[in-house]
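In what follows, a single structure is set out as structure tokens and then discussed.
Throughout, a chain's letter reflects where its sequence line sits, starting with A, and its residues are numbered from 1. Only this structure's heavy atoms are used, side chains among them; waters, hydrogens and symmetry mates stay out. Note that this is a predicted model, so its numbers are computed, not measured.
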Amino acid sequence: MTALLEACSISKSFGANRVLESVSLKVVPGEIVSLIGENGAGKSTLSKIFSGITPPDSGSLLLNGSSVQFSGPREAIDAGIGIVHQELCLAENLSIAENICLGREPTRFGTLDFSAMRSISTKALQRLGSSLSPSRLVSSLSAADRQLVEIARVLSYDAKLLIFDEPTSSLSESEAHSLLLLIKRLKADGVSVLYVSHRLPEVQEISDRVVALRDGRNSGEEPQGPFSRERLISMIVGREISDIYGYTPRAAGDVALFAEALRPSERHAPCSFQVRAGEIVGIAGLVGSGRTELLECLYGIREPLSGSLALFGAPASIESPADATQAGLALVPESRKEEGIVAELSIAENASLSLLASSEHGALRNFEAERSLAQATVESLKVRCSGISQPVGRLSGGNQQKVVIGRCLATKPRVLLLDEPTRGVDVGARREIYSLIFSLAEQGMAVLFVSSELEEVIGISDRVLVMGDGAIRGELPRALLSEHAIMSLASPQARIAA
Amino acid sequence: MKKNLGLITLLVVACLFTFLANDRFLAPVNVENLLRRTALFSLLSIGVAFVITAGGIDLSIGSVVCLVGTLLPYLVVQAGWSWPVALVALLLLAGCLGLLHGVLITKLRLQPFIVTLCGLLLYRGLARGITGDQTQGFGLEHEGLRAVATGKLPTLGVLPFEIPSVVLISLAVALIAGFVMSRTPYGLFLRAIGRNELAARYSGVDTDRVKILAYLACSLLAGVGGTLFILDVNSAQPSDFGNFYELYAIAAAVLGGCSLKGGECSIVGILVGASLMQVLRNAIVLLDIPTQLEFAIIGAVILAGAAAEELVRRLAGRAAVA
């Protein structure tokens with residue numbers, strides 16, 4: 001059978017970062033293909049290429065056997081390919097009908113034809129078995145209903161292939177279940193589906209075929225079910241771990257941080273754990289498993305619903321980042337640009353900011369001391385810059401991150417919280433960040449390290465807490481660490497069975 | 001200084017132009033007046049600069065000027081308070097209003113625009129209500145107190161004019177503000193918050209406190225300004241005293257290099273900006289332009305200045321790239 005859509009040796013780079021390397025994939029009419037892989041394996045980029053959002057650097061796309069080039073999402077839509085995004089892209093302040101017709105509103109005498117909009121929307125929603133009223137505002141809808149609207153929008157373009165990018169990440173279990181039923185129904189309707197996910201039970205349940213990506217390459221394919229969980233996991237991970245970490249064991253000291261039944265939000269279970277002085281504890285888990293919220297609670301950004309925190313054996317009440325800094329904590333936040341740096345200020349000012357905010361600092365600035373602090377940061381962390389008065393925004397991602405780390409260390413914290421500290425950082429700078437973490441731990445720093453990259457977590461952690469769906473699913477000592485072991489704990493098991 | 005070069009050029013050109021059109025521009029009485037008005041409006045601009053640097057805005061300044069400025073004679077003349085008590089109470093009141101703005105904006109997370117817009121309406125309404133909308137003034141009393149604003153320092157013939165005492169007050173405030181902005185952690189925190197509040201907060205800066213203090217400083221300086229304005233002019237109508245002063249204050253601050261996006265501030269620039277505003281108003285009188293056109297002229301000149309500066313910056317940026 002001719003493939004509806006076929007990708008032949010697609011490659012794509014962003015700057016120096018090779019995201020896809022000669023990837024091939026095809027979808028035949030009426031088939032549900034699942035695309036699986038770790039975070040950063042290239043799944044999202046491939047689906048963006050399919051839906052015309054980004055063009056490939058090389059390779060070709062065949063639509064019904066003939067070569068096509070999409071110069072934008074519009075052309076992909078016209079060719080019958082629609083994508084339902086990971087983060088829903090709806091205008092909340094508009095009605096369902098206005099969202100479904102957005103960008104191709106029916107008009108009559110140059111004005112909006114509301115009755116036509118309503119009938120288009122009703123038809124699309126009915127096809128999904130939904131009875132939502134098209135005039136309701138999107139802001140009044142639940143996450144699941146919003147997704148329905150998004151699917152209805154794509155369907156109303158007369159799509160032949162629907163791409164779902166992590167569609168269940170913001171849904172509850174029962175909502176996810178009805179989404180899977182809906183996808184099967186679409187298949188019976190003759191629509192093909194590319195289902196991008198790392199939730200294995202869902203993949204096992206609905207796929208006709210599973211394709212795996214790893215590090216931007218095809219890493220395996222299972223032509224037909226039933227799909228064993230073990231086989232899927234080994235397609236996702238099974239790679240040699242090269243040692244760029246240089247792990248050395250250390251003796252752990254007293255308990256530095258002790259969280260007891262800490263519950264960051266409604267969707268979290270109470271989380272209890274401890275970190276000792278000189279210990280590096282990794283937190284692994286899928287995106288959306290609730291790791292960042294947990295760190296936010298420790299650092300006083302988010303107020304926990306319940307639970308308590310103790311630092312060095314004494315109960316601690318941390319209500320703001322200012323309190324946290326005072327108590328000896330420091331956080332390297334997840335998104336560097338939004339939370340880590342003040343791009344327009346100089347390296348020296350950024351590096352001094354935390355120290356200036358601490359209560360030990362006097363009422364006046366000491367420019368001499370700030371300059372020598374910045375100079376020391378630049379030298380010890382090997383920040384590549386033209387000078388300490390250069391605005392931080394001009395540095396590369398890795399060097400910006402080093403300035404953030406330098407700023408955190410300036411207050412001499414005793415507990416260091418790192419949230420995805422190597423995201424967008426090149427290998428050379430990564431290596432330097434790892435060796436810095438080891439030497440800090442050697443000096444007695446308690447380190448809590450959140451990362452989505454399993455290889456990295458395994459490479460540097462003494463112990464790993466695995467999170468899933470807002471709960472700590474388990475703890476693995478270094479001896480038992482493997483990507484397989486972490487993935488088995490992290491993937492939701494009961495989601496579909498329930 | 002280099003950053004303010006364009007603005008200083010504009011000021012010099014405006015002065016020259018006015019002088020050539022009417023040589024009374026440099027008459028001692030005119031220079032003294034100009035200095036006094038510039039000094040008074042500078043106080044308001046310096047206050048709002050703190051708020052703007054932290055990425056906020058304060059629209060209530062003119063009404064705080066009105067509230068403090070009309071209540072001072074009201075309390076002293078009509079209610080019979082002794083002036084030091086009235087003065088301290090009103091400055092405390094102004095400070096508390098700023099505190100209130102800050103708390104509403106940081107703790108209740110209301111938008112600065114809304115909070116201070118409501119302040120604009122509220123305080124003027126209060127001033128008009130309390131005073132029964134009657135003109136307030138000191139009459140011929142309290143000459144000694146009024147001398148704080150109307151007094152002049154003799155220059156013993158070194159200069160052809162005398163220096164109004166409020167110039168000293170404003171210079172002192174400007175020096176302190178400049179010191180705070182450039183030499184204290186607080187100044188850096190303001191700029192960091194204006195650029196990236198989240199990063200400042202995550203760095204351990206108590207961002208709420210920093211912002212509350214900025215609103216407090218702004219309203220307190222508006223209160224000081226209101227006191228000096230009323231002492232200077234002696235009588236004021238609650239319905240129009242201080243009208244549009246917040247816009248003069250904001251315009252001078254923005255002319256002087258404060259970005260409304262936050263994070264940038266130059267006290268020297270603000271002083272030059274405030275001078276330019278007053279020279280323009282003075283020129284309208286001296287050039288016999290109908291005063292009805294005052295707002296139109298000021299608006300047009302500021303717009304032209306802002307556009308010219310943006311164009312120059314772009315040309316300079318292009319030259320730097322090439």
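Heavy atoms closer than 4.5 Å to chain B are found in the side chain of A:T325, but not in its backbone. Looking at A:A363, only its backbone comes within 4.5 Å of chain B, counting heavy atoms on both sides. No part of B:Y186 comes within reach of chain A, as not one of its non-hydrogen atoms sits under 4.5 angstrom from that chain. Of the two parts of A:L345, only the side chain, counted from C-beta on, holds a non-hydrogen atom closer than 4.5 Å to a non-hydrogen atom of chain B.
In this structure, A:V281 and A:V447 have side chains that are not in contact, with every pair of non-hydrogen atoms separated by 4.5 Å or more.
Highest contact tally toward chain A, considering only B:L188, B:D206, B:T207, B:V180, is held by B:L188 [criterion: heavy-atom pairs under 4.5 Å]. Each of A:K337, A:Q326, A:E338 has some count of heavy-atom pairs under 4.5 Å with chain B, and the biggest count is that of A:E338. Between chain B and the residues A:L331, A:I301, A:I341, the largest count of heavy-atom pairs under 4.5 Å involves A:I301.
Donor-acceptor pairing under 3.5 Å is lacking for the side chains of A:S358 and A:H361. At a cut-off of 3.5 Å, with distance as the only test, a side-chain donor of A:S452 or A:E420 sits close to an acceptor on the other residue.
Heavy-atom contacts from other residues, nucleotides or ligands closer than 6.0 Å to CZ of B:F113 number 12 or fewer.
With ring centers used as reference points, B:Y215 lies 6.0 Å or more from B:F50.
Across all non-hydrogen atoms, the minimal contact from B:S203 to A:A357 is O-CB, 4.4 Å.
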